[in-house]
Amino acid sequence: MIDLFKKNRIRLFQKLPNNSIAIIYSNEICFGNADTILPYKQNNDLIYLTGILQPDTILLLYKDDNQNNEFLFIKKQTTKELLWEGEKLNKEKAKAISGIKNIYYIDEFQKISDKLFQNINTIYLNKTKIKEKLNISKDQKLLNEYQNKYPKYKFKDLQPIISKLRAIKEKEEIYNIKEACNITNEAFRKVLKQIKPNIMEYEIEAEFIYQFRKIGCKGFAYNPIVASGKNSCILHYEQNNAKLKDGDLILLDIGVNYNNYNSDITRTFPINGKFSQRQKVIYNSVLFIMKSAMGIIKPNLTFKEYNKKINSLIEEELLEIALITENDIKNQNPLEPAYRKYFMHGISHHLGLDVHDPIDYDIPMKEGMVITVEPGIYIKEENIGIRLETDILIKNNGIEDLGREIPIEIDEIEDLMDN
Ligand SMILES: [Mn+2]
């Protein structure tokens with residue numbers, strides 16, 4: 001991965017103007033109640049540029065007329081911390097992971113950055129992320145601090161630049177996402193054989209985490225959704241504590257985190273192993289939308305055009321299976337079209353270091369992007385929620401479905417469950 005991090009920094013340097021500095025901070029540790037610490041999650045931009053996963057890390061990229069220079073600051077462990085936490089990265093290890101030659105301890109950051117600031121006029125920090133948060137974020141605090149301390153500098157937002165870079169996946173990133181999809185496939189195939197009436201949703205969840213952890217993956221990519229029967233119509237159902245009923249469907253929205261990259265997959269199975277006629281109709285409709293969407297996706301298509309095409313496709317399908325009528329469409333509020341009663345979320349999002357990778361959707365589709373395709377139809381009145389989701393790589397000559405091995409055709413699912 002060291003080559004990826006080096007390459008990513010080179011690409012970022014190319015976008016920075018001369019006489020500027022970009023500073024990327026690690027995320028802070030989050031506390032639960034009392035003195036418990038929540039699982040640490042690194043700033044994904046920092047992972048993207050360095051591969052360093054521990055807190056108290058700062059990356060500083062310096063660019064002037066003559067040189068690009070990289071500085072990484074890490075924490076020096078005290079003897080007590082060493083005793084409690086075990087050994088963290090030392091300078092050599094941080095260098096070996098990131099490929100950055102200039103590694104310092106974080107207590108030297110002030111001195112070194114002040115010196116570098118003498119030669120530049122622009123400082124890049126994260127500004128966009130600030131707007132998304134209700135409270136004053138760490139990014140906002142930092143920006144305020146910097147602006148007070150260095151009033152003569154221009155402050156620019158690093159996010160639009162990094163987001164553009166992160167939109168196009170490098171081969172190492174694609175490899176990681178493919179692996180995540182392959183691991184998810186293996187788990188789905190094992191779990192598929194265990195689904196039956198009267199077991200609990202959390203038993204299914206436990207099977208997945210067992211499959212992921214036993215091969216050394218960190219865990220789920222996001223909170224898993226194991227939603228049977230009416231729960232399948234709750235988009236963010238996470239309780240996973242109901243009993244599976246004979247005749248119902250079960251919707252599984254599950255991904256794994258592999259090497260910091262994610263898969264994001266959804267399948268919907270019949271709990272007793274056989275789809276009813278009605279379930280088949282809805283299922284095939286969702287599958288048809290999914291396949292059609294994959295047929296539409298190509299380089300240069302804008303997300304706006306794509307969404308428009310998908311929405312009319314869904315409208316047609318809902319008419320076809322008589323969930324909505326021509327009259328509903330004629331009388332619909334344009335802000336809340338009739339089809340939204342049964343399909344209320346987006347069809348696709350970018351996928352990468354973040355499950356919802358923070359990429360600007362005004363950038364048209366391009367080779368190297370990885371996005372999900374996830375149509376669904378949710379009929380609350382019938383306790384039927386069906387979503388199918390896969391992850392695709394956009395290529396110049398079409399797409400590659402990275403989740404293609406995961407059972408999706410009705411016959412295949414019924415065969416696999418028939419044991
Ligand atoms: Mn998704």
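Ligands are counted one by one from 1 in listed order, and the atoms in each one are counted from 1 as well.
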*ring-ring contact (aromatic ring centres under 6.0 Å, His included): which pairs involve residues 284-305, sequence neighbours left out?*
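Matches after skipping sequence neighbours: F303-H350, F303-Y361.
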
*Please, which pairs that meet ring-ring contact (aromatic ring centres under 6.0 Å, His included) have at least one residue in residues 304-339, sequence neighbours excluded?*
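Applying ring-ring contact (aromatic ring centres under 6.0 Å, His included) to every pair that reaches into residues 304-339, excluding sequence neighbours, yields nothing.
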
*Taking just the N, O or S atoms of D264, which one is nearest to the Mn ion (ligand 1)?*
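Minimum-distance N/O/S atom of D264 relative to the Mn ion (ligand 1) is OD2.
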
*Quick one: report the N, O or S atom of E374 that is nearest to the Mn ion (ligand 1).*
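The E374 atom nearest to the Mn ion (ligand 1), restricting to N, O or S, is OE2.
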
*Can you measure from OG (S228) to CG (L251) and round to the nearest 0.5 angstrom?*
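S228 OG to L251 CG: 10.0 Å, rounded to 0.5 Å.
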
*Kindly compute the distance separating CD1 (I359) from CG (L165), expressed to the nearest 0.5 Å.*
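Between I359 CD1 and L165 CG, I get 9.5 Å after rounding to 0.5 Å.
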
*asked:* Only to 10 degrees, please: what angle do the NE2 atom of H349 and the OE2 atom of E389 make about the Mn ion (ligand 1)?
replied: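 Rounding to the nearest 10 degrees gives 120°.
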
